Protein chains: 6
Amino acid sequence: MSRPRPVEYADAPPEVRAVFDDIKAARKISDVNNFWKYLAADPALLKRTWETQKAVLASGALDHVVKEMIYLAVSVTNGCSYGIACHTALARKAGMTDAMFGELMAVVGMANQTNRFADGFRLPIDDAFNA
Amino acid sequence: MSRPRPVEYADAPPEVRAVFDDIKAARKISDVNNFWKYLAADPALLKRTWETQKAVLASGALDHVVKEMIYLAVSVTNGCSYGIACHTALARKAGMTDAMFGELMAVVGMANQTNRFADGFRLPIDDAFNA
Amino acid sequence: MSRPRPVEYADAPPEVRAVFDDIKAARKISDVNNFWKYLAADPALLKRTWETQKAVLASGALDHVVKEMIYLAVSVTNGCSYGIACHTALARKAGMTDAMFGELMAVVGMANQTNRFADGFRLPIDDAFNA
Amino acid sequence: MSRPRPVEYADAPPEVRAVFDDIKAARKISDVNNFWKYLAADPALLKRTWETQKAVLASGALDHVVKEMIYLAVSVTNGCSYGIACHTALARKAGMTDAMFGELMAVVGMANQTNRFADGFRLPIDDAFNA
Amino acid sequence: MSRPRPVEYADAPPEVRAVFDDIKAARKISDVNNFWKYLAADPALLKRTWETQKAVLASGALDHVVKEMIYLAVSVTNGCSYGIACHTALARKAGMTDAMFGELMAVVGMANQTNRFADGFRLPIDDAFNA
Amino acid sequence: MSRPRPVEYADAPPEVRAVFDDIKAARKISDVNNFWKYLAADPALLKRTWETQKAVLASGALDHVVKEMIYLAVSVTNGCSYGIACHTALARKAGMTDAMFGELMAVVGMANQTNRFADGFRLPIDDAFNA
């Protein structure tokens with residue numbers, strides 16, 4: 001057997017349950033999604049990842065919905081199907097409308113296109129951008 | 001000689017000058033940056049790219065500054081040094097503060113990390129995310 | 001019909017069978033995995049790829065299990081689902097434990113995160129790293 | 001001014017100095033490298049990143065030198081020049097010889113090649129790899 | 001509901017139908033493929049993307065089949081399963097034979113391998129390549 | 001000292017000189033480019049890489065210039081500056097004109113854009129593409 005397996009709440013050790021409880025309370029959900037169940041195979045990794053995610057995604061200088069859309073933009077650029085599915089749902093929950101999603105996709109596509117133009121044409125960086 | 005070369009305004013054919021003039025007016029700048037000068041080697045590519053970028057980056061359901069930050073998030077994920085330099089400057093001009101930049105980087109880093117966890121642990125997508 | 005198709009041993013020409021026989025002997029398995037069956041559509045590509053892989057993955061200055069874990073780290077970073085599945089299994093067979101897998105994933109995630117910080121903050125390389 | 005700037009020890013607030021001191025003690029170096037000086041613009045990001053890196057790179061089920069080589073393999077796959085320079089140096093310091101580096105590069109190149117074969121030939125994952 | 005949905009011809013507004021009609025006429029097909037049905041959720045994005053694709057993929061200095069193979073090479077490098085499936089089919093339709101596909105894959109694999117060697121060995125660019 | 005160093009012909013062992021001589025004869029050049037000088041630190045890697053490259057890049061079902069353009073398309077997509085510089089020069093030498101380069105870049109940009117649309121809109125693959 002080599003495939004990673006999820007850890008369900010009922011089978012989890014106390015330090016994993018504590019993290020699951022915190023996620024459920026913070027997100028007001030009745031069960032955690034697969035991401036956390038698989039990371040739970042390594043309790044220290046689970047705890048670190050959740051603590052970081054909680055700090056990084058909280059509203060601050062950027063609104064939570066903007067953070068979720070940035071998360072989605074990265075996931076699309078990496079072609080990560082789980083990240084795309086998860087953060088589309090979380091961005092929707094945070095307020096992303098159909099129109100916002102369409103504009104987000106247009107920017108992500110444009111940026112991926114022009115990044116290649118910049119590299120392919122071997123552009124020197126303008127002095128103004130180095131100031 | 002194989003390296004692409006920039007086209008300066010003084011040497012540009014009329015259809016390139018027309019695009020350069022439009023960029024300068026739209027962005028209120030006195031000269032276009034290298035990206036446009038290099039694309040000008042192919043006037044049709046230059047015109048299409050500018051028309052698309054003008055449409056995509058205008059404020060709509062998303063604010064202009066949010067679009068520039070998404071552009072930057074993609075450029076960082078692709079490791080495109082020109083895109084990073086250019087869209088950091090444009091995002092700053094559109095209102096991105098130091099605190100917003102720091103939070104943007106934190107989300108981009110987090111997303112790049114967890115995208116790999118999702119792929120490496122071979123996560124099945126939760127039913128809720130497929131609805 | 002456009003989709004690539006696998007070549008099974010029974011239908012394979014002699015030069016493909018010779019490679020399949022060598023893989024089966026080297027890996028002590030009764031049938032080759034899909035990777036080799038699909039590459040067999042191009043016998044020269046099959047032979048070159050196997051000869052290279054045999055040379056590259058043999059224990060040398062690095063142990064075989066370390067090489068399989070590096071292979072897995074690259075596959076995760078590329079988001080290649082076949083490579084992830086295949087080299088998780090091969091790394092397990094070579095001795096990777098659950099704890100080693102967890103630590104591998106933690107390093108892969110960390111590196112993908114900090115690579116983006118390095119590009120996004122536009123870090124100049126320290127003189128000490130250029131020596 | 002839009003380009004990120006480093007924070008030097010002399011100008012750093014106490015919470016940044018505390019992290020710098022911990023890095024210098026842990027790595028037995030007289031000054032931190034640019035990575036930490038730039039992240040210091042966001043003290044919370046600096047602290048989180050260092051705490052995670054310290055936990056992730058410590059010897060455990062995997063030796064420190066193996067972890068540094070995995071870090072390098074990811075950085076090469078991402079084409080991150082700072083990560084490559086930094087983790088080549090750190091891997092050397094941890095014991096990576098010329099022969100180990102050559103074998104590492106051979107595996108990284110091979111994996112990047114065969115990941116594309118797997119995707120391009122649209123390989124179905126073998127049942128054995130899904131167990 | 002968060003998952004994007006396709007727009008079928010029967011339910012499409014006039015500006016979407018006009019694009020669908022143009023695609024069907026240009027490609028001599030009775031229905032458009034999913035790519036266009038999903039983009040149709042944002043009619044402006046649909047129209048821009050089709051106009052650009054029509055201009056970019058037409059035979060010019062490069063034959064249509066060469067353009068489709070380049071499209072496929074990029075899709076394989078990005079690990080984009082939809083792009084791989086779609087442009088394998090379109091390249092086949094444009095004349096790509098089994099032998100051409102095999103050679104294409106060999107070049108794509110080689111380039112992905114040697115790109116990593118170039119970055120990992122930190123190669124300075126030869127003066128001749130900068131001329 | 002941790003940075004890889006080039007091996008010059010005058011200092012090279014016989015097995016490296018043999019490969020250098022073969023490259024110079026095949027490409028009708030008086031000295032090999034940096035790629036080969038750095039790989040020479042690992043003579044087995046050098047020899048394998050050259051033998052593969054010679055086989056892969058020879059004209060076959062695809063013309064040599066098409067192969068160099070595919071190589072360039074991959075290098076641009078990976079953002080590999082050495083690969084871009086080297087294979088722009090080699091493609092030019094093989095006959096790539098300014099117009100061909102412009103069209104190549106347009107296709108590469110388009111593909112990188114639409115690959116992200118395909119992933120972001122979570123497109124199911126059409127039955128016709130799976131046949």
Side-chain angles (χ1 to χ4, degrees), chain E residues 3-4 33-35 38-39 41 45 49 52-53 55-57 60-62 66-67 69-78 80-83 85-89 97 99-100 102-104 106-126 128-131, chain F residues 3-4 33-35 38-39 41 45 49 52-53 55-57 60-62 66-67 69-78 80-83 85-89 97 99-100 102-104 106-126 128-131:
Chain E
R3 188 173 187 140
N33 54 300
N34 284 331
F35 182 79
Y38 279 73
L39 254 66
L45 180 63
T49 305
T52 303
Q53 188 148 122
V56 167
L57 288 181
L62 297 178
V66 170
K67 290 186 174 185
M69 288 190 296
I70 291 166
Y71 216 119
L72 179 52
V74 170
S75 301
V76 171
T77 301
N78 283 331
C80 175
S81 57
Y82 189 88
C86 177
H87 291 280
T88 298
T97 63
M100 289 161 77
E103 294 190 10
L104 169 65
V107 176
V108 169
M110 185 81 202
N112 274 288
Q113 181 182 54
T114 57
N115 280 185
R116 276 46 165 147
F117 290 161
D119 285 337
F121 283 98
R122 302 162 70 181
L123 300 185
I125 296 179
D126 303 76
F129 298 153
N130 275 329
Chain F
R3 185 171 190 144
N33 53 300
N34 284 332
F35 182 80
Y38 279 74
L39 254 66
L45 180 63
T49 304
T52 303
Q53 187 148 123
V56 167
L57 288 181
L62 297 178
V66 170
K67 291 186 173 185
M69 288 190 296
I70 291 166
Y71 217 119
L72 178 53
V74 171
S75 301
V76 170
T77 301
N78 282 330
C80 175
S81 56
Y82 189 87
C86 177
H87 290 281
T88 297
T97 63
M100 291 161 75
E103 294 190 10
L104 169 66
V107 176
V108 169
M110 185 81 202
N112 273 287
Q113 180 183 54
T114 58
N115 279 186
R116 276 45 166 151
F117 290 160
D119 285 337
F121 283 97
R122 302 162 68 182
L123 301 185
I125 295 180
D126 303 76
F129 299 154
N130 275 329

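Letters A, B, ... mirror the listed sequences (proteins, then strands); counts begin at 1. Predicted model only: the values in this text are computed from it and were never measured.
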Heavy-atom pairs under 4.5 Å with chain E - which of [options] has more of them than the others?
options: F:L45, F:V66, F:T114; result: F:T114
options: F:A99, F:C86, F:A106; result: F:C86
options: F:G60, F:A55, F:A73, F:G83; result: F:G60
options: F:T88, F:N78, F:T97; result: F:N78
options: F:D119, F:T52, F:L62, F:V76; result: F:L62

Discussion item. So for F:V108, is it side chain, backbone, both, or neither that comes closer than 4.5 Å to the heavy atoms of chain E?
Written reply: both
Worksheet entry | Reported CG-to-OG1 distance for the pair F:L39 and F:T49, which is rounded to 0.5 angstrom | 5.0 Å
Worksheet item: At their closest point, which heavy atom of E:P4 faces which heavy atom of E:Y38, and how far apart are they?
Response: O-CE2, 3.4 Å
Practice prompt. Please look at E:L104 and chain F and tell me whether the side chain, the backbone, both or neither of the residue comes under 4.5 angstrom of a heavy atom of that chain.
Written response: both
Worksheet item: So what's closer than 4.5 Å to chain F heavy atoms on E:V74: side chain, backbone, both or neither?
Response: both
Worksheet item: E:M110, E:H87, E:M100: which one forms the most heavy-atom pairs within less than 4.5 Å of chain F?
Response: E:M110
Practice prompt. Could you list the residues that satisfy side-chain hydrogen bond (donor to acceptor under 3.5 Å, both in side chains) with F:E103, not counting sequence neighbours?
Written response: E:K67
Worksheet item: With F:S75, which residues qualify under side-chain hydrogen bond (donor to acceptor under 3.5 Å, both in side chains), at least two apart?
Response: E:N115
Worksheet item: What do the steps show when you test F:Q53 against F:Y71 for side-chain contact (heavy atoms from CB on, under 4.5 Å), and what is the final call?
Response: CA-CA 11 Å; F:Q53 187 148 123; F:Y71 217 119; 3.1 Å; yes
Item to complete: Please work out whether the ring planes of E:F35 and F:F117 are parallel, tilted or perpendicular, with thresholds of 30° and 60°.
Response: tilted
Fill in: Test item: side-chain donor near acceptor, F:Y82 and F:N34, under 3.5 Å
no
